[in-house]
Amino acid sequence: MEKKQTTDRYTLADLENWDEIARDVDPPIRLGVFGDPVAHSRSPQMQNAALRACEIDMQYARFHIRPNELRSALLLLRRLDFVGINLTVPHKIAAFTHVDEADESANRTGAINTISVRDKKLRGFDTDGEGFLRAIRTEFSIDLRDLRVMIIGAGGGTGHAIAWQCALENCERLVLVNRTLKKANALAEQLRPFFSGPRVLGPMMRLESVGLDESAMRIQLADIDLIVNATPLGMNPSDPTPVPARLLAPHHIVFDCVYGSSKTALVRAANEAGARGANGLSMLLHQGALSFSIWFDREAPIEAMRSALL
Ligand code: NAP
């Protein structure tokens, strides 16, 4: 029988008719990423390279699942023969309420980027925080615990994971910035016990939450080393930078969770200001390698995954 090619992108309607849609696809699709948008995701090229390197006879695909479709898609996943999936923007927080169990990382952050399917049950994990930690070490040869960090987009799934990682690493100072201030305030309340000890010299508080407002950010940025973009701003070329370029200074280090084939506008602005900057490719690599280990209970072939991304 002729082998069916994988489609660029599947939908909820395809999952509802999965036996028919995927019957002759070879190797079979048993992993994927749910997102909206999802076309940008480079997880398929990275995870498919890992599957080939480990001679695992299955493939990983993209699924365009809208926010109002997530529940149905996850219900379907329970009875289809999937090993697991990743969740990307905007599903990470919503997914938390739809899994049967959550591990410690997901329970902490209230967000899920990896699901493993076993015995028709969904188990949720969050590998973004650890992936971020490894990416910062790789990109800048520096540890979070030595840094004063500002997270823009702290109200989202990725922002939560990164904020928790900063707290666990006992970073010097953490500023949570969010468009919807009450979400940043709520997260700050959860993290407050981690920042009660004295560490920073000077009058600045160790933990603060502010709105996405230029004057509030300007005041904070004098006492910040690492600026992290955890909003989707930058995914479209016409997006404004999440922090105005005029606020960036040579002492800043900028990490943009958004990734693309070239530098994002934020990383370009950082470089023009004399600051170091990196986009989210290395975080994608490390969080993906951790997901692979969860699904297959073995170390991920990280070099094959890195080459596929580059
Ligand atoms: P999410 O859960 O939907 O969170 C989005 C966050 O960004 C929220 O805090 C939201 O603020 C804020 N936001 C959204 N649109 C905004 C706008 N127009 N202006 C200002 N703030 C805005 O998304 P997510 O899953 O955390 O993903 C965020 C980004 O990180 C995506 O671009 C994703 O691709 C990227 N990411 C990359 C990696 C990687 O491995 N490199 C890993 C994870 C995520 P409100 O609370 O006010 O809505």
Side-chain angles (χ1 to χ4, degrees), residues 33-47 62 65-67 70 86-97 105-106 109-114 125-136 138-139 150-165 175-188 209-214 216-217 228-244 254-261 264-267 277-292 305-306 309:
V33 54
F34 288 4
D36 178 26
V38 77
H40 71 282
S41 174
R42 295 227 214 152
S43 290
Q45 72 194 63
M46 172 178 75
Q47 297 292 359
R62 277 188 194 86
I65 304 292
R66 296 190 167 83
L70 181 65
N86 285 127
L87 295 150
T88 185
V89 61
H91 297 315
K92 291 177 186 181
I93 289 184
F96 187 78
T97 52
S105 63
T109 61
I112 285 173
N113 76 339
T114 305
F125 303 81
D126 193 350
T127 67
D128 275 341
E130 179 68 27
F132 170 78
L133 176 74
R134 294 182 188 190
I136 294 299
T138 314
E139 293 288 347
M150 172 183 278
I151 302 170
I152 305 169
T158 310
H160 275 225
I162 292 174
W164 269 97
Q165 199 67 39
V175 176
L176 305 172
V177 181
N178 206 47
R179 181 177 59 178
T180 313
L181 178 58
K182 67 175 189 223
K183 292 193 209 166
N185 289 342
L187 181 59
S209 45
V210 298
L212 188 61
D213 165 83
E214 179 166 344
M217 285 200 278
V228 182
N229 174 35
T231 76
L233 289 174
M235 291 177 79
N236 294 316
S238 58
D239 286 344
T241 53
V243 50
V254 174
F255 186 81
D256 193 346
C257 293
V258 173
Y259 58 83
S261 44
T264 62
L266 177 61
V267 172
N279 76 12
L281 265 191
S282 56
M283 178 172 170
L284 180 73
L285 172 69
H286 290 293
Q287 61 78 34
L290 291 160
S291 298
F292 186 95
M305 296 170 89
R306 194 192 310 271
L309 282 178

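The shown structure was predicted, so the numbers you read here are calculated from the model rather than taken from an experiment. Note that ligands are numbered from 1 as they come in the structure, with each ligand's atoms numbered from 1 the same way.
- For ligand 1, the polar-atom distance check against L281 finds no nitrogen or oxygen pair separated by under 3.5 Å.
- Set against the non-hydrogen atoms of V258, the atoms of ligand 1 under 4.0 Å away are 32 (O).
- Classification of the H40-Y259 ring pair by plane angle, with boundaries at 30° and 60°, yields tilted.
- Closest approach of T88 and G35 over heavy atoms only: CG2-CA, 3.6 Å.
- Considering each of T158, D239, N86, the one bringing a non-hydrogen atom nearest atom 24 (P) of ligand 1 is T158.
- Protein heavy atom in closest approach to atom 34 (O) of ligand 1: H40 NE2, 4.0 Å.
- Remark: ligand 1 and G280 share an N or O pair separated by less than 3.5 Å (distance only, no angle test).
- Among all protein heavy atoms, the one lying closest to atom 32 (O) of ligand 1 is M235 SD, 3.1 Å.
- A pairwise comparison of heavy atoms in I93 and G156 identifies CD1-C, 3.7 Å as the closest pair.
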Let me see the working for M217 and I152 under side chain to side chain contact (heavy atoms under 4.5 Å, CB included), right down to the final yes or no.
CA-CA 10 Å; M217 285 200 278; I152 305 169; 4.2 Å; yes
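- Distance alone, capped at 3.5 Å, places no donor-acceptor pair between the T180 side chain and the K182 backbone.
- Close approach of ligand 1 to G153 is summarised as follows: ligand atoms under 4.0 Å from at least one heavy atom of the residue are 9 (O).
- Residue V89 has at least one heavy-atom neighbour below 4.0 Å for each of these atoms of ligand 1: 3 (O), 23 (O), 25 (O), 27 (O).
- The protein non-hydrogen atom at the shortest distance from atom 14 (C) of ligand 1 is P232 CD, 3.3 Å.
- The one candidate from T109, N113, D128 that meets the side chain to side chain donor-acceptor pair (under 3.5 Å) condition with K92 is D128.
- Ligand 1 is approached by L233 to a heavy-atom distance shorter than 4.0 Å.
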**Message:** What verdict does the side chain to side chain contact (heavy atoms under 4.5 Å, CB included) test give for V228 and C257, after you've listed the backbone C-alpha separation in whole Å, the side-chain angles of each residue and the deciding distance to 0.1 Å?
**Reply:** CA-CA 7 Å; V228 182; C257 293; 4.0 Å; yes
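- For the residues G159, A230, G156, the heavy atom positioned nearest atom 28 (C) of ligand 1 is part of A230.
- For M283, heavy-atom contacts with ligand 1 shorter than 4.0 Å involve the backbone as well as the side chain.
- Among Q165, H286, Q287, the single residue meeting the side-chain contact (heavy atoms from CB on, under 4.5 Å) criterion with E130 is Q165.
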Practice prompt. Kindly indicate, with the supporting measurements, whether the criterion side chain to side chain contact (heavy atoms under 4.5 Å, CB included) is fulfilled by N178 and S209.
Written response: CA-CA 8 Å; N178 206 47; S209 45; over 6 Å; no
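- Within the 4.0 Å heavy-atom criterion, the part of L212 lying near ligand 1 is the side chain and not the backbone.
- Counting atoms of ligand 1 from 1 in the listed order, those under 4.0 Å from a heavy atom of Q287 are 40 (O).
- Neither the backbone nor the side chain of H91 has a heavy atom within less than 4.0 Å of ligand 1.
- Between the side chain of R42 and the backbone N or O of G260, at least one donor-acceptor pair lies under 3.5 Å.
- Atom 9 (O) of ligand 1 has as its closest protein heavy atom N178 OD1, 2.7 Å.
- Counting the atoms of ligand 1 from 1 in the order shown, those under 4.0 Å from a heavy atom of G155 are 9 (O).
- For the pair N279 (side chain) and L281 (backbone), a donor-acceptor distance under 3.5 Å is present.
- Neither the backbone nor the side chain of N113 comes within 4.0 Å of ligand 1, counting heavy atoms alone.
- Every atom of ligand 1 with a heavy atom of P90 under 4.0 Å away is listed here by number and element: 3 (O).
- The protein heavy atom nearest to atom 2 (O) of ligand 1 is G157 N, 3.0 Å.
- What sits closest to atom 43 (C) of ligand 1 on the protein, heavy atoms only, is K92 NZ, 2.8 Å.
- The single protein non-hydrogen atom nearest to atom 46 (O) of ligand 1 is K183 NZ, 2.7 Å, given as residue, atom name and distance.
- Listed for the R62 side chain is no donor-acceptor partner under 3.5 Å among the backbone atoms of P44.
- Residues L233 and V258 have side chains not in contact (no heavy-atom distance under 4.5 Å, counting atoms from C-beta outward).
- Nearest protein neighbour of atom 16 (C) of ligand 1, counting heavy atoms only, is R179 NH1, 3.3 Å.
- Across the listed options T231, T180, L284, T231 owns the non-hydrogen atom lying nearest to atom 12 (C) of ligand 1.
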ask   = Would D126 and I112 count as a side chain to side chain contact (heavy atoms under 4.5 Å, CB included) if you check the C-alpha gap in whole Å, the side-chain angles of each, and the deciding distance to 0.1 Å?
value = CA-CA 5 Å; D126 193 350; I112 285 173; 5.7 Å; no
